[in-house]
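The chains referred to below are lettered A, B, ... by the order of the sequence lines, with proteins before strands, and numbering in each begins at 1. Fair warning: this is a prediction, and the values are worked out from it, not measured in the lab.
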There are 2 protein chains.
Amino acid sequence: MTEPRRRNRSATRQRLLAAARHRFAKEGYEAASVRDIAADAGVDAALVFRYFGSKKGLFEEAAATTTPTGLLDGPPEELPARLLHSLLFEDWSAYAGEHPLVAMLRSSAHDEARDHLREELCGTYVRALERLSDAPDAALRAELFSAWMLGIGVLRSVVGTPAVSAATPPDLAPHLAAVASALFERPVAGSPPPPPAATDDPGAPD
Amino acid sequence: MTEPRRRNRSATRQRLLAAARHRFAKEGYEAASVRDIAADAGVDAALVFRYFGSKKGLFEEAAATTTPTGLLDGPPEELPARLLHSLLFEDWSAYAGEHPLVAMLRSSAHDEARDHLREELCGTYVRALERLSDAPDAALRAELFSAWMLGIGVLRSVVGTPAVSAATPPDLAPHLAAVASALFERPVAGSPPPPPAATDDPGAPD
DNA sequence: GTACAAAGTCATCAACTGATGACTTTTGGG
DNA sequence: CCCAAAAGTCATCAGTTGATGACTTTGTAC
């Protein structure tokens with residue numbers, strides 16, 4: 001094999017990116033120092049500048065969000081529930097336990113972070129939710145629902161409000177259905193569709 | 001008079017507090033430096049430590065929020081509209097243009113800020129909104145509505161989402177009424193009550 | 001007018017920040 | 001085995017940070 005075994009450029013990059021995601025999410029851009037990130041990754045801080053040019057470069061690359069594929073597909077009336085479920089109950093431990101968009105609020109003094117936030121939110125979430133309404137202000141409705149999800153995420157993982165923090169999917173489902181139905185003026189499901197059930201699915205293959 | 005005229009301890013304190021509110025709101029706790037704050041206030045940075053002991057002390061005192069008196073009074077069905085109106089359309093220029101609770105999210109890596117946020121949100125807003133519902137999960141409903149308001153504030157002033165940023169009170173009123181009514185399962189007004197009309201109010205004095 | 005205390009300023013410290021370049025270790029081909 | 005390039009480390013720089021204590025200015029009471 002032509003590649004070295006111990007010293008591995010791309011693996012080190014990935015370790016730095018993972019550590020950066022953690023630190024930036026938990027402490028915000030300013031408070032997270034390059035030295036701390038490098039220490040978490042187990043490498044020297046100088047490698048950050050070797051591989052990413054600057055702290056800002058590291059942040060930009062670390063903040064490049066991966067919207068889970070398939071999240072926006074499926075029946076429109078299930079979309080709100082699927083989005084909220086992903087936001088709240090997916091495993092975001094790679095981002096210090098919070099959804100990347102929620103964690104990025106800590107760095108929102110930086111234009112980079114704000115732009116990224118807006119693009120991700122508008123370009124992905126709002127655009128998908130817009131299809132739920134035919135009203136002339138469908139975009140506003142979609143943003144208002146996005147605001148609700150983001151707010152719930154903030155209350156849950158940042159502020160730590162008691163009721164929302166302790167809420168389980170069944171607790172939230174009726175309210176989700178009620179609010180989304182009222183906002184989009186059409187029936188909206190309160191629970192996400194069941195998972196693909198990889199173990200036993202005799203019905204609909206292919 | 002026994003107090004000096006030019007050199008005024010309390011006036012200088014107030015100037016420092018005002019500058020601190022601005023900087024902390026706009027840049028977050030870490031990025032806002034004591035020197036910058038003091039420069040904004042037009043005094044020497046050493047006075048910060050003279051008057052507040054430390055940067056943290058300054059932050060705590062600057063973050064002591066003043067919930068507008070009377071905001072929580074009045075008919076319950078008008079409360080949501082009044083709260084949202086205060087959050088979005090009141091003059092928060094003292095806090096760099098954002099509601100203090102929204103601005104404090106930038107400093108949410110600090111436990112101080114998080115605790116303050118939770119106390120203010122739960123102790124004031126959620127508690128007032130709880131009265132809107134008799135359901136066993138009234139607290140959850142109140143938090144969910146608070147989450148919505150906070151999210152709208154974030155989208156409007158932090159993320160800068162187009163539709164919510166451009167929305168006027170009449171644009172929001174119907175959606176506010178629909179969402180709040182659905183969440184609290186009772187009729188809720190979409191617009192705040194008209195202002196006291198100090199110019200011409202022959203009806204109900206005293 | 002002088003003395004005293006309050007109010008404000010200045011110089012400075014140690015720690016930390018992002019960043020740079022020279023250095024050392026490892027790796028794999030010849 | 002040897003070497004060149006890649007990968008990683010080290011020492012260090014200049015600037016900033018929070019913080020401290022000595023100093024100067026101001027205002028007033030006597």
**Message:** What is the distance, to the nearest angstrom, from the CD atom on Gln14(B) to the P atom on dA7(C)?
**Reply:** 14 Å
**Item:** Polar side-chain atom of Trp148(B) near backbone of Met149(A) as donor-acceptor pair, under 3.5 Å
**Value:** no
**Request:** Check whether any side-chain heavy atom of Glu120(B) lies under 4.5 Å from a side-chain heavy atom of Met104(B), and answer yes or no.
**Result:** no
**Item:** Side-chain touch Asp171(B)/Pro169(B), heavy atoms, less than 4.5 angstrom
**Value:** no
**Request:** Name the nucleic acid region contacted by Ala31(A), choosing base, sugar-phosphate or nothing; use a 4.0 angstrom heavy-atom cut-off, strictly under.
**Result:** nothing
**Request:** Find which nucleotide of DNA chain C each of Thr12(B) and Val34(A) is nearest to by heavy atoms, and output the residue with the more 5' nucleotide.
**Result:** Thr12(B)
**Prompt:** To the nearest angstrom, how far is Asn8(B) atom CG from dA7(C) atom P?
**Reply:** 8 Å
**Prompt:** Please give, in whole Å, the distance from dT25(C) C1' to Arg9(A) CZ?
**Reply:** 17 Å
**Fill in**
Residues in residues 45-59 of chain B with a heavy atom under 4.0 Å of DNA chain C, by number, are Ala46(B), Leu47(B), Arg50(B), Tyr51(B)
**Message:** Without decimals, in angstroms, what is the distance between Ile37(A) CD1 and dC16(C) C1'?
**Reply:** 15 Å
**Request:** Take atom CD of Glu30(A) and atom C1' of dT17(C), then tell me their distance rounded to the nearest Å.
**Result:** 10 Å
**Item:** Criterion salt bridge (charged side-chain N to carboxylate O under 4.0 Å, His left out) against Glu98(A), the qualifying member of Lys26(A), Arg156(A), Arg106(A)
**Value:** Arg106(A)
**Prompt:** Side-chain donor-acceptor pair under 3.5 Å between Arg114(B) and Ser108(B), yes or no?
**Reply:** no
**Interatomic distance where CG belongs to Asp44(A) and P belongs to dT9(D) [whole Å]** = 6 Å
**Item:** dT16(D) phosphate, OP1 or OP2, under 4.0 Å from Ser33(B) side-chain N/O
**Value:** no
**Prompt:** Any luck finding a side-chain donor-acceptor pair between Glu90(B) and His99(B) under 3.5 Å?
**Reply:** no
**Asked** Less than 3.5 Å between a donor and an acceptor, one on the side chain of Arg35(B) and one on the base of dT16(D), is that the case here?
**Response** no
